Amino acid sequence: MTSSGINPLQIAIAGGSIGGLTAGILLHELGHDVHIYERSTNALEGRGAGIVVLPMTERYFTERGSALGEGQAGAADVALTLTNWSYVDESGSIVDEAATYNRFTSWNTLYRALLEVLPGDRYHLSHYVTGCAQTSQGVTVSFEHGESRDCDLLVAADGIASTVRAIVSPHTTTDYAGYVAWRGTVLESDLQADTAAVFEDAMVYQVLNHAHILAYAIPGPGDSIIPGERALNFVWYRNAPGPEFEELMVDRNGVHRPATMPPGLAQDRFVTEIRHDAERLLAPQLRELVLVCEEPFIQAIFDMAADRFVHGRIALIGDAATALRPHVAAGTAKACADGWALRDYLGTGDDLDASLADWERQQLELAQTVAGKSRRMGERAQFESTMVPGDPDWRFGLFGPGN
């Protein structure tokens, strides 16, 4: 029995991204014996991608920041706040603006801040989970290199391509949504002063015909959030029907990339195409972002929702459980929320199976609700073309607007 009054469990977490790290830190601090197993050989990099920070995303730093050790990050260090949510037209004029005070960060900044909190001997690189076998008392986790680990609970945080999900929810399908996000980052200092000024204290959207683009500031080199030292992240959603999508996801070396095209690997003809379209379609400020970006990359948009999150002593969290379209900006927040809820339920008593059942019921309902909203938003913007500037329903949030 730990000082928190719980019987410690041996917990293995498959996947060491932000969701897996958050769950690992919380369960470790609760008193459980937690080890995170990440398939990558090196510390993860988010390819410079920006993310919207909802309260759940930075909850650890908000609640624990003052208690962290010297040199470790607090909430003020992991994200920046932009006052306005602005929409511009093709000329670059603001057509709608609201003070929403959204927060933003780079994936890398948040990941590094979390990794610094977890004891280093709890995070294991080069451990790809290839399978698991369970009894009523626990799980044996198998790794690619032949090693195995026994645990009381396996938490699968291994993303949309989860190898564990087939055991928990074997009939789950992953379906391409019909469009992709072209993404990229540039430094504020590489832009003309007039362009940089538009993004200084605002996230900027432009609604297009069956498409839309947004851009916002994120921490720059050295995780700086000082204006002028930050980076700017753009996301341009573009439709790509099946055959076109298959061609788009073949890199310049002929390798098919099923979900993400890393920076520098998109074929020249497709990069030339988006730059040509930027010249034709985008507001001057957004156009400059796309043209200045040397190595844009591609994120394919998928729908995936497991019909169950728990099987025996295995639990799915984050994108391994439900992948959200990005429009509600809650994918990372949902992964973190899964970890916080797991912490809460595992701290309530000794009946692990009952705790997991209660946790699953709550998180499954949340995931289904927010996934439905994100799908509706994507359909409106990309296929119905009914997205309009200033629509109050088009707001970020996991539990509700801004939350």
Side-chain angles (χ1 to χ4, degrees), residues 2-6 8-9 11 13 15-36 46 50-82 100-120 122-123 153 155 157 218-219 223 225 315 317-319 321 324 328-349 355 358-359 362-363 366-367 370 395-403:
T2 69
S3 59
S4 60
I6 63 148
L9 300 171
I11 300 176
I13 298 179
S17 187
I18 290 171
L21 268 171
T22 298
I25 291 167
L26 294 172
L27 294 173
H28 167 74
E29 292 184 350
L30 191 61
H32 296 296
D33 180 12
V34 180
H35 288 268
I36 296 177
I51 58 175
V52 178
V53 176
L54 296 175
M56 189 60 73
T57 314
E58 61 178 346
R59 179 180 171 184
Y60 183 84
F61 299 102
T62 302
E63 294 189 3
R64 311 292 179 85
S66 60
L68 296 177
E70 183 178 354
Q72 293 185 324
D77 302 305
V78 299
L80 57 90
T81 301
L82 299 176
T100 55
Y101 302 98
N102 286 114
R103 286 175 55 76
F104 305 89
T105 192
S106 73
W107 190 97
N108 294 336
T109 297
L110 185 57
Y111 168 76
R112 285 194 295 262
L114 288 166
L115 193 61
E116 288 177 1
V117 176
L118 186 76
R122 300 281 166 170
Y123 194 88
L153 173 65
V155 178
I218 60 174
D223 295 330
I225 60 174
I317 70 171
D319 283 353
L324 308 179
V328 75
T332 303
K334 186 188 74 68
C336 294
D338 287 341
W340 279 95
L342 198 58
R343 190 285 305 262
D344 293 342
Y345 279 104
L346 293 189
T348 58
S355 295
D358 291 341
W359 171 84
Q362 173 181 291
Q363 298 310 109
L366 172 63
V370 71
R395 289 287 187 263
F396 302 146
L398 176 62
F399 304 103
N403 190 354

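As the structure is a prediction and not an experimental result, all values here were calculated from the model.
A 4.5 Å side-chain heavy-atom check between P55 and N403 finds at least one atom pair inside the cut-off. Residues H28 and P119 form a side-chain contact, since some pair of their non-hydrogen atoms from C-beta on lies under 4.5 Å apart. Under the 4.5 Å side-chain criterion, counting only non-hydrogen atoms from C-beta, I51 is not in contact with F104. With a 4.5 Å cut-off on side-chain heavy atoms, T22 and L114 count as touching. Side-chain contact between L366 and L398 is present, with at least one heavy-atom pair separated by less than 4.5 Å. W359 is not listed as a side-chain neighbour of R343, based on a closest heavy-atom distance of 4.5 Å or more. Within the 4.5 Å cutoff, side-chain heavy atoms of L346 are placed close to those of I11. Here the side chains of L21 and Y123 are in contact, with some heavy-atom distance below 4.5 Å.
Heavy-atom minimum distance, E58 versus A79: OE1-CB, 4.1 Å. When all heavy atoms are compared, the tightest approach of L80 to I218 is CD2-C, 3.7 Å. Nearest heavy-atom pair, A330 versus G397, reported as atom, atom and distance to 0.1 Å: CB-O, 3.9 Å. Nearest approach of A341 to Q362, heavy atoms of both residues: CB-NE2, 3.7 Å. Scanning all heavy atoms of the two residues, the minimum distance from I36 to G20 falls at CD1-O, 3.5 Å. For P401 against R395, the heavy-atom pair with the smallest separation is CB-CB, 4.1 Å.
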### Task
Before giving the answer on side chain to side chain contact (heavy atoms under 4.5 Å, CB included), spell out for F61 and L110 the whole-Å C-alpha distance, their side-chain angles and the decisive distance to 0.1 Å.
CA-CA 10 Å; F61 299 102; L110 185 57; 3.7 Å; yes

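If you take CH2 on W340 and CZ on R59, they are separated by 4.0 Å, rounding to the nearest 0.5 Å. The distance from the CG atom of L27 to the CD1 atom of I13 is 5.5 Å, given to the nearest 0.5 Å. For the atom pair L26 CG and L342 CG, the distance stands at 9.0 Å (nearest 0.5 Å).
R103 pairs with exactly one of L82, L54, T57, T81 by the side chain to side chain contact (heavy atoms under 4.5 Å, CB included) rule, that one being T81.
Checking N108 against S106 by side-chain atom types alone, no donor-acceptor pair falls below 3.5 Å. Between the side chains of E29 and Y60, at least one donor-acceptor pair of N or O atoms lies under 3.5 Å.
For the pair H32 (side chain) and L9 (backbone), a donor-acceptor distance under 3.5 Å is present. Judged by distance alone, with hydrogens and angles left aside, the side-chain atoms of S355 form a donor-acceptor pair with the main-chain N or O of Y345 at under 3.5 Å.
The residues D223 and R112 are annotated as salt-bridged, a charged nitrogen and a carboxylate oxygen being separated by less than 4.0 angstrom.
By the side chain to side chain contact (heavy atoms under 4.5 Å, CB included) test, D33 pairs with Q10, H35, R122, R149, sequence neighbours left out.
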